[in-house]
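Just so you know, these numbers come straight off a predicted model, no measurement behind them. Just so it is clear, the values below take in all heavy atoms, side chains as well, and ignore hydrogens, waters and symmetry mates.
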Amino acid sequence: MAVGGLASAPVPPSLAPVLPAAIPTPPPAGPLLAWYDRHRRTLPWRAGPATGAMPGEPDPYRIWLSEVMLQQTTVAAVGPRYARFLARFPDVQALAEAPWEDVAAEWAGLGYYARARNLHAAAKAVAGRGGFPDTEAGLRELPGIGAYTAAAIAAIAFGRPTVPVDGNVERVVARLLAIREPLPGARRLIAPIAARFMEQAEPRARPGDFVQALFDLGATLCTPRRPACALCPWRGDCEAQRQGIQESLPAKTPKAARKQRHGLHFLARDPAGRLLLRHRPPEGLLGGMLEIPGAPWREAPWSLEEALPHAPLPGLAWALRPGLAHHGFTHMDLDMRLAEASAPAGPAPPGMGWMEPAVALAALPTAIRRLLPLADPPLAEGPEPMASRPSGARGARKKGIRA
DNA sequence: AAGCCGGGGTG
DNA sequence: CACCCAGGCTT
């Protein structure tokens, strides 16, 4: 196909630098689709008889939920949480009508909590308009749906001929055409190339399968490290493999170093054994999630005396527990200490509440849960190991605790 | 374009 | 340890 109307007339060499460069052509999609038909992964949100989980036509609600959960989150981590979420909120109406507290509790531990807030807001919008938009542009209007997710839902749930560009597709395309420019800048080269796949008849006939075939290729063969090129349906078409540089692609610009921060949190228990907790501000880090009250996270460590003005109740006998809870965020390393006190029966301070441990602990984000083993007696083992990895053979040492 | 936003799997 | 993951939003 002509790109920028340049295909028909030869371009004089002297003018070439001034004119837009032609978009490189990706390889034929046939081999990838044939490979997908043999080797595709069985996933809970994928239609077909293989799972029985989603018979018949794709359900936009289920596709949407899977795409949002999978944003920067591995398939292994999403699996059990997806089933649980779906059991609790079976359709978009149920999610729209649920209180935020229930949605937050169900999302706790999954991270990127803006996803849960946007999911809830989008459910209300969809329920209000009587169903999901069935075009990429319409989907793009919903909160939490960006360029990638809109294209993914449009292709998988509605059969639109569009190619969502995620980390897998970036890697696959960068290798196929040996694109050496580092990400994220290289995206402006990769996206138009990926889009050209839909010029071919086979992807256009089954867009949902084709884009998921790209995902599966990136997840199982064209992996970030040690790609299995010998098994790749495109092994004869890959320029990076031909040059032997596949393991160094895609290149990435280095990221900034993580900052170090310190916190000190105050855990009060009333005579009934309930815990004094509060909600974090609705935006920002862990926005809208439950936490143990404390002094703000800052550059320098806190002493108990210094942090005391941030204690939720005045006049209690706070005891600083030994040890340090550690949590690594994407852009910050956090060390937290824990002080505890017994409180007399009485109302909670404004913005806080006394909560039963069994209810509260499950709704805490992982960073805050790391404080629990410091309590005396310990309130929990901290974050549970993942259900998909039952025996936890390695890593007998628990994360998040420092002497 | 760059920074913010979680948490876990993996080599 | 470092790197990555079916990214979105804000500045």
Pairwise P distance, C:dA6 and B:dG3 [rounded to whole Å]: 24 Å
Could you check whether A:F215 gets within reach of a base, just the sugar-phosphate, or nothing at all, counting any heavy atom under 4.0 Å? base
Comparing nearest nucleotides in DNA chain C, the 5'-proximal residue of the pair A:E67, A:L142 is A:E67
Taking atom C1' of B:dG7 as reference, at what distance in whole Å does atom CE of A:M332 sit? 13 Å
With no angle test and no hydrogens, is the base of C:dA6 tied to the side chain of A:R41 by a donor-acceptor pair under 3.5 Å? yes
Students often get this wrong, so: under 4.0 angstrom with heavy atoms, is A:G185 touching a base, only sugar-phosphate, or nothing? nothing
Return yes if a side-chain donor-acceptor contact under 3.5 Å exists between A:Q93 and A:E97, otherwise no. no
Between C:dA6, B:dG6, B:dG9, which one does the side chain of A:Y148 approach most closely? C:dA6
Classify the side-chain pair A:D335/A:H326 by whether it contains a donor and acceptor separated by less than 3.5 Å. yes
Closest to the 5' end of DNA chain B, once A:P184 and A:H331 are matched to their nearest nucleotides, is A:P184
Rounded off to whole Å, could you give me the CG-to-P distance for the A:N168 and C:dC4 pair? 12 Å
From CD1 of A:I368 across to C1' of B:dG7 the rounded distance in Å is 14 Å
Which nucleotide in the set B:dC4, B:dG6, C:dA6 lies at the smallest distance from any side-chain heavy atom of A:V75? C:dA6
Side chain of A:R225 only, please: which of C:dA6, C:dC3, B:dG7 is the nearest? C:dC3
Over how many whole Å does the gap from A:Y113 atom OH to C:dG7 atom P extend? 18 Å
Taking OP1 and OP2 of B:dG8, is either one under 4.0 Å from a side-chain nitrogen or oxygen of A:R81? no
Output the rounded distance in Å from CG (A:D333) to P (B:dG6). 15 Å
Close side-chain approach of A:R84 and A:E106, heavy atoms under 4.5 Å: yes
Closest contact, heavy atoms only, A:L139 versus A:A154: CD1-N, 3.8 Å
Taking only the side-chain heavy atoms of A:N118 (C-beta and beyond), determine which of C:dA6, C:dC9, C:dC5 contains the nearest atom. C:dC9
Which one, B:dG6, C:dA6, B:dG8, comes nearest to the side chain of A:T366? B:dG8
Please check the phosphate of C:dG7 (OP1 and OP2 only) for any side-chain N or O of A:Q72 closer than 4.0 Å. yes
Of the candidate nucleotides C:dC9, B:dG7, C:dA6, which contains the atom at the shortest distance from the side chain of A:R140? C:dC9
Any A:K255 side-chain N or O less than 4.0 Å from OP1/OP2 of B:dA2: no
Can any side-chain N or O of A:W234 pair as donor or acceptor with the backbone N or O of A:A29 at less than 3.5 Å? no
Using OP1 and OP2 only, check whether a side-chain N or O of A:H327 sits under 4.0 Å from B:dG6. no
Can a side chain N or O of A:R171 be found less than 4.0 Å away from OP1 or OP2 on C:dC5? yes
Remember a base hit wins even if backbone is also touched, and classify A:P164 as base, sugar-phosphate or nothing at under 4.0 Å, heavy atoms. nothing
Atom pair CZ/NZ of A:F329 and A:K259 - distance to nearest 0.5 Å: 11.5 Å
Would you say A:T149 places a side-chain N or O within less than 4.0 Å of OP1 or OP2 belonging to C:dG8? yes
Quick check: any donor-acceptor pair below 3.5 Å linking the side-chain of A:T73 to the base of B:dG8? no
Between A:W107 and A:H120: side-chain donor-acceptor atoms closer than 3.5 Å: no
Would you classify A:L110 as touching base, sugar-phosphate or nothing, given that sugar-phosphate means primed atoms plus P, OP1 and OP2, and contacts are heavy atoms under 4.0 Å? base
Which nucleotide, C:dC4, C:dA6, C:dG7, lies nearest any side-chain atom of A:Q71? C:dG7
Could you tell me whether A:A219 contacts a base, only the sugar-phosphate backbone, or nothing, with contacts defined as non-hydrogen atoms closer than 4.0 Å? nothing
Rounded C1' spacing from C:dC9 to B:dG8 in Å: 23 Å
Does atom CZ of A:R180 have more than 12 heavy-atom neighbours from other groups under 6.0 Å away? no
Write down the distance between CG (A:L70) and P (C:dC5), rounded to a whole number of angstrom. 13 Å
Atom CE of A:M69 to atom C1' of B:dG6: distance rounded to whole Å? 14 Å
Separation of B:dC5 atom C1' from A:Y112 atom OH, nearest Å, is 5 Å
Distance check, P atoms only: C:dT11 and B:dG6, in whole angstrom units. 16 Å
Which of B:dG6, C:dC5, C:dA6 is nearest the side chain of A:T74? It is C:dC5
Identify whether any heavy atom of A:A147 sits under 4.0 Å from a base atom; if not, whether one sits that close to sugar-phosphate; answer base, sugar-phosphate or nothing. sugar-phosphate
